[in-house]
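The figures that follow rest on heavy atoms only: side chains count, while hydrogens, waters and symmetry mates do not. Each ligand, and each atom within it, is numbered from 1 in the order the structure gives.
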Amino acid sequence: MNKVSVCFVCLGNICRSPTAEAVMLRMVDEAGLNGRVVVDSAGTGNWHIGEAPDERAQRAGKQRGYDLAPLRARQIEQEDFAAFDLIVAMDDANVTALHQVAPAGERDKIRLLMEFAPNAEDRVVTDPYFGGAAGFESVLDQCEAACAGLLAALRPQLVD
Ligand code: 4NP
């Protein structure tokens, strides 16, 4: 049985990437692909290691039926590049930071999440941390659009 693994990455791993993780996990579940698409998230920074997602991200997610509460922040490590098939970043600063951590042969695993939402207006998922509640709604909208495209893009790799 083929498997594919994805690690979503943002700066703190408390707003955008745990939201993407929760959205993707539900889509994988609804598609009957549990265990075949492995999903995780991490931050490029170390400030929030061990913390639950930001309360605002938890609240906004809960309103759409996503449970972010059990997730805990961690920092991306060099070993993640061997462990995951794709490392999916939220913005250009994440990509730059990931390039500094990635072993030379693994850099082509780094992608931008919004690449998978070709009809979207934005090419990055903007950091909502210093803004208001609307930013967290935008993050959810972007994650829902892009994760649907990402799952569709992964499907050929899951064929037995
Ligand atoms: P995230 O948001 O990268 O989407 O988790 C942030 C979380 C924390 C900080 C910045 C962005 N911070 O500066 O602590």
Side-chain angles (χ1 to χ4, degrees), residues 5-29 37-103 106-151 153-154:
S5 55
V6 179
C7 186
F8 296 105
V9 176
C10 61
L11 177 61
N13 194 208
I14 56 169
C15 299
R16 292 166 292 174
S17 61
T19 299
E21 179 179 356
V23 168
M24 190 68 177
L25 280 171
R26 189 163 88 195
M27 285 184 184
V28 166
D29 184 45
V37 182
V38 176
V39 184
D40 196 4
S41 68
T44 60
N46 62 4
W47 309 283
H48 298 285
I49 291 173
E51 292 179 18
D54 188 287
E55 291 288 340
R56 298 164 295 172
Q58 289 196 47
R59 202 176 312 126
K62 200 171 185 178
Q63 282 172 358
R64 299 195 196 190
Y66 302 109
D67 184 14
L68 276 67
L71 304 177
R72 292 293 176 272
R74 71 179 186 91
Q75 188 174 28
I76 195 86
E77 297 172 347
Q78 200 171 40
E79 294 72 34
D80 289 314
F81 286 86
F84 290 92
D85 297 306
L86 280 181
I87 306 283
V88 180
M90 300 295 133
D91 64 27
D92 296 312
N94 305 150
V95 171
T96 301
L98 285 167
H99 271 260
Q100 285 160 10
V101 181
E106 309 270 25
R107 292 198 178 121
D108 57 353
K109 291 184 174 178
I110 303 169
R111 307 286 291 273
L112 274 173
L113 178 61
M114 294 310 287
E115 278 176 40
F116 298 97
N119 297 325
E121 288 174 12
D122 313 302
R123 49 178 298 286
V124 297
V125 182
T126 304
D127 186 348
Y129 188 71
F130 294 105
F136 289 84
E137 295 301 325
S138 298
V139 169
L140 277 161
D141 291 341
Q142 290 182 301
C143 287
E144 287 177 341
C147 286
L150 173 58
L151 187 55
L154 295 176

Mark up the atoms of ligand 1 that fall under 4.0 Å of a heavy atom belonging to [X], in ascending order.
X: Cys10; value: 1 (P), 3 (O), 4 (O), 5 (O)
X: His48; value: 8 (C), 12 (N), 14 (O)
X: Leu11; value: 3 (O), 10 (C), 11 (C)
X: Cys15; value: 1 (P), 2 (O), 4 (O), 5 (O)

Considering only non-hydrogen protein atoms, determine which one is nearest to atom 12 (N) of ligand 1 and report residue, atom name and distance to 0.1 Å.
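Answer for atom 12 (N) of ligand 1: Tyr129 CE2, 3.5 Å.
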
Atom 2 (O) of ligand 1: which protein heavy atom is closest, and how many Å away?
Asp127 OD1, 3.3 Å

So between Met90, Glu51, Arg16, whose heavy atom ends up nearest atom 4 (O) of ligand 1?
Arg16

Looking only at distances, please establish whether an N/O atom of ligand 1 is found under 3.5 Å from an N/O atom of Trp47.
no

Side chains of Val6 and Phe84 in contact at under 4.5 Å (non-hydrogen atoms)
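No - every pair of side-chain heavy atoms lies 4.5 Å or more apart.
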
Can you confirm whether Gln142 sits close enough to Asp122 that some side-chain heavy atom of one is under 4.5 Å from a side-chain heavy atom of the other?
yes

Is the closest side-chain donor-acceptor distance between Glu21 and Tyr66 under 3.5 Å?
no

Can a side-chain donor-acceptor contact be found between Asn13 and Gln75 if the only test is distance below 3.5 angstrom?
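Side chains of Gln75 and Asn13: no pair found under 3.5 Å.
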
Stacked cation flag Arg16 on Phe8, 6.0 angstrom / 45 deg:
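Ring-cation test returns no.
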
Just to be sure I read this right, does ligand 1 sit under 4.0 Å from the backbone of Ile14, its side chain, both, or neither, counting only heavy atoms?
both

Should the proximity of Val139 to ligand 1, defined as any heavy atom under 4.0 Å, be assigned to the side chain, the backbone, both, or neither?
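The answer is neither; Val139 stays 4.0 Å or more away.
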
Rounded to the nearest 0.5 Å, what separates atom SG in Cys10 from atom OH in Tyr129?
11.5 Å

Can you tell me how far NZ of Lys62 sits from CD of Glu55, rounded to the nearest 0.5 angstrom?
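Interatomic distance, Glu55 CD to Lys62 NZ, rounded to 0.5 Å: 10.0 Å.
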
